[in-house]
Amino acid sequence: MHDLDIKGWMEKVREIRPLVHNITNLVVTNIVANALLAVGASPVMAYAKQEVGDMARIANALALNMGTLDESTVEAMLLAGRAANEEGVPVIFDPVGVGATPYRNEVAKRVIDQLHITVLRGNAGEMGILLGTGGEVKGVDAVSMAQDLPENMRAYSRKNNCVLIATGETDYVTDGYTLWQLQNGHPLLAAITGSGCMLTGILGAFLGAAGRKADTRTYAEACVAALACYNVAAEIAAEKAVGPGSFLTALFDALYNLDVSLVEQRAKIVQMGDCE
């Protein structure tokens, strides 16, 4: 059971049209931008060190994704993140592939140590590695997750005052007190590149709709609404697709035409009791 106003969050995104500054995976930049347009947000992809701080300051949210790393990108992420922190702009960090190489581990630690992250999102393997609870990745994909990951996410979230999200067959979201489990989605999401990167961008749109300097609970509810909308859109798209190619096209269409009342009917969300 849940009492989230998913419809209200989607309407905010469509009304505000949040500007989401993305420093994202170069493999999927185009589809992340298209996914953001489909939900009603306004994407901007700015990477130059000379402008990332200025862009982050005027954005409604900043989405950082370390899918394709080099030192110039890392420096740009830190510059943009510091500017966003100064202005209270929510920052989402997607530590793509952490655990795959020592360099990715070092970069993820640098970003987390130097910035205040509003939302930390990864697949279950990445999150387990970041939290030191175990888990395994193959390249940028999760292979396994630790059984105690959800409780460790709660502890990390409380300590660092941020929202944690681990995605997989079941998605977990926590603000450190409440734990939400979401069970929508479709296996075809794993058959296309950038499904996680698109989700990170869309989470940025919903964070932008929540506004600057909101509390962690508000940001967590925005994230749950974003996940529900994205995963139900994937289910709708899969019903019309014949394979990965048509699925991606149908996913853009489903996000653009999303009937939020249908999302609320189909959403499988379990809200676990608050912990002290």
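Quick caveat, the model's predicted, so the values are computed rather than measured.
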For a side-chain contact (heavy atoms from CB on, under 4.5 Å) check, start with the C-alpha distance between L182 and T170, then their side-chain angles and the critical distance, and finish with the verdict.
CA-CA 6 Å; L182 298 89; T170 297; over 6 Å; no
Find the distance between CG (L149) and CG (L131) and round it off to the nearest 0.5 Å.
6.5 Å
Those residues that, when tested against N160, pass side-chain hydrogen bond (donor to acceptor under 3.5 Å, both in side chains) (two or more places apart)
none
Between T133 (side chain only) and I129 (backbone N and O only), is there a donor and an acceptor less than 3.5 Å apart?
no
With rounding to the nearest 0.5 angstrom, report the OH to CZ distance, Y177 to R217.
11.5 Å
What is the distance from atom CG of N152 to atom CE of M127, rounded to the nearest 0.5 Å?
10.5 Å
Flag, side chain of Y230 to backbone of T200, donor-acceptor distance under 3.5 Å:
no
Give a yes or no answer on whether the side chain of E126 reaches the backbone of G97 with a donor-acceptor pair at less than 3.5 Å.
yes
Under the side-chain hydrogen bond (donor to acceptor under 3.5 Å, both in side chains) rule, what pairs show up with a residue in residues 206-215, not counting sequence neighbours?
D215-T218
Pairing residues for Y103 by the side-chain hydrogen bond (donor to acceptor under 3.5 Å, both in side chains) criterion, not counting sequence neighbours
E71
Do we see a donor-acceptor contact under 3.5 Å between the side chains of N34 and N30?
yes
Sequence-distant partners of D54, salt bridge (Lys or Arg N to Asp or Glu O under 4.0 Å), two or more places apart:
R57
By salt bridge (Lys or Arg N to Asp or Glu O under 4.0 Å) - contacts of K7 (at least two apart):
none
Using modelled atom types only, decide if a donor and an acceptor are shared between the side chain of N184 and the backbone of A228 within a distance under 3.5 Å.
no
In the structure I gave you, are the side-chain heavy atoms of H21 and I23 within less than 4.5 Å of one another anywhere?
yes
Without hydrogens or angle criteria, can the side chains of T167 and N123 be said to hold a donor-acceptor pair below 3.5 Å?
no
With sequence neighbours left out, what residues match E106 under side-chain hydrogen bond (donor to acceptor under 3.5 Å, both in side chains)?
R110
Roughly how far apart are C197 SG and I202 CD1, rounded to 0.5 Å?
11.5 Å
Apart from L37 itself, what residues make up its hydrophobic cluster, given side-chain heavy atom links below 4.5 Å?
none
If we ignore angles and hydrogens, is there a donor and acceptor under 3.5 Å between the side chains of T178 and R154?
no
How close do L207 and A61 get, heavy atom to heavy atom, and via which atoms?
CB-CB, 4.5 Å
Between G201 and N22, what is the shortest heavy-atom contact and its length?
CA-OD1, 4.1 Å
E75 meets the salt bridge (Lys or Arg N to Asp or Glu O under 4.0 Å) criterion, sequence neighbours left out, with K49
Quick one: does R104's side chain have a donor or acceptor within less than 3.5 Å of a partner on V98's backbone?
no
Pairs under 3.5 angstrom only: tabulate donor-acceptor contacts from the side chains of residues 77-89 to other protein residues two or more places apart or in another chain.
{"from": "R82", "atom 1": "NH2", "to": "Q114", "atom 2": "OE1", "distance (Å)": "2.7"}
{"from": "N85", "atom 1": "OD1", "to": "H116", "atom 2": "N", "distance (Å)": "2.8"}
{"from": "N85", "atom 1": "ND2", "to": "H116", "atom 2": "O", "distance (Å)": "3.0"}

Do L64 and I58 sit in the same hydrophobic cluster, where Ile, Leu, Val, Met, Phe, Trp and Tyr count as joined when their side-chain heavy atoms come under 4.5 Å apart?
no
Let me check something: any side-chain donor-acceptor pairs from residues 9-20 under 3.5 Å, sequence neighbours excluded? List them with distances.
{"from": "R14", "atom 1": "NH2", "to": "L258", "atom 2": "O", "distance (Å)": "3.0"}
{"from": "R17", "atom 1": "NH1", "to": "G40", "atom 2": "O", "distance (Å)": "3.3"}

Point-to-point distance, once rounded to the nearest 0.5 Å, from CG of L199 to CD1 of I92:
7.0 Å
Any chain of hydrophobic side-chain contacts (each under 4.5 Å) joining M272 to L4?
yes
Derivation of the side-chain contact (heavy atoms from CB on, under 4.5 Å) call for L262 and Q265:
CA-CA 5 Å; L262 183 60; Q265 291 173 24; 4.0 Å; yes
Would a distance-only check, ignoring hydrogens and angles, find a side-chain to backbone donor-acceptor pair under 3.5 Å from H186 to N231?
no
Heavy atoms, side chains only, cut-off 4.5 Å: are C223 and I165 in contact?
yes
Where C229 and F206 come nearest, the two heavy atoms and their spacing:
SG-CZ, 4.1 Å
Within the 4.5 Å heavy-atom criterion, are L189 and E235 side-chain neighbours or not?
no
Quick one: do Y47 and V27 end up in the same hydrophobic cluster if we chain Ile, Leu, Val, Met, Phe, Trp and Tyr together by side-chain heavy atoms under 4.5 Å apart?
yes
Closer than 3.5 angstrom, by distance alone: can the side chain of Y219 be matched with the main-chain N or O of A214 as a donor-acceptor pair?
yes
Co-membership, hydrophobic cluster, residues I31 and V39, 4.5 Å side-chain:
yes
Name all residues meeting the salt bridge (Lys or Arg N to Asp or Glu O under 4.0 Å) criterion together with D171; count only those two or more places apart in sequence or in a different chain, and write none if there are none.
none
One should read off an interatomic distance between D175 CG and R158 CZ, to the nearest 0.5 angstrom, of 10.0 Å
Is any side-chain heavy atom of P43 less than 4.5 Å from a side-chain heavy atom of V32?
no
Of all heavy-atom pairs between C162 and Y156, which one has the smallest distance, and what is that distance?
SG-CE2, 4.0 Å
Identify the heavy atoms of A108 and L130 that sit nearest to each other, and give their distance.
CB-CD2, 4.2 Å
Are L26 and V44 linked, directly or through other ILVMFWY residues, by side chains that come within less than 4.5 angstrom of each other?
no
V173 side chain near L164 side chain, heavy-atom distance below 4.5 Å
no
Decide yes or no for M198 and L251: does some side-chain heavy atom of the first lie under 4.5 Å from some side-chain heavy atom of the second?
yes
For Y172 against P150, the heavy-atom pair lying closest together
CE2-CG, 3.8 Å
Answer whether the closest heavy-atom distance between the side chains of L120 and I112 falls below 4.5 Å.
yes
Using modelled atom types only, decide if a donor and an acceptor are shared between the side chain of S157 and the backbone of G176 within a distance under 3.5 Å.
yes
Could you list the donor-acceptor pairs under 3.5 angstrom formed by side chains in residues 237-249, with sequence neighbours left out?
{"from": "E239", "atom 1": "OE2", "to": "R266", "atom 2": "NH1", "distance (Å)": "3.4"}
{"from": "E239", "atom 1": "OE2", "to": "R266", "atom 2": "NH2", "distance (Å)": "3.0"}
{"from": "S246", "atom 1": "OG", "to": "V242", "atom 2": "N", "distance (Å)": "2.9"}
{"from": "S246", "atom 1": "OG", "to": "G243", "atom 2": "N", "distance (Å)": "3.3"}
{"from": "S246", "atom 1": "OG", "to": "G243", "atom 2": "O", "distance (Å)": "3.3"}

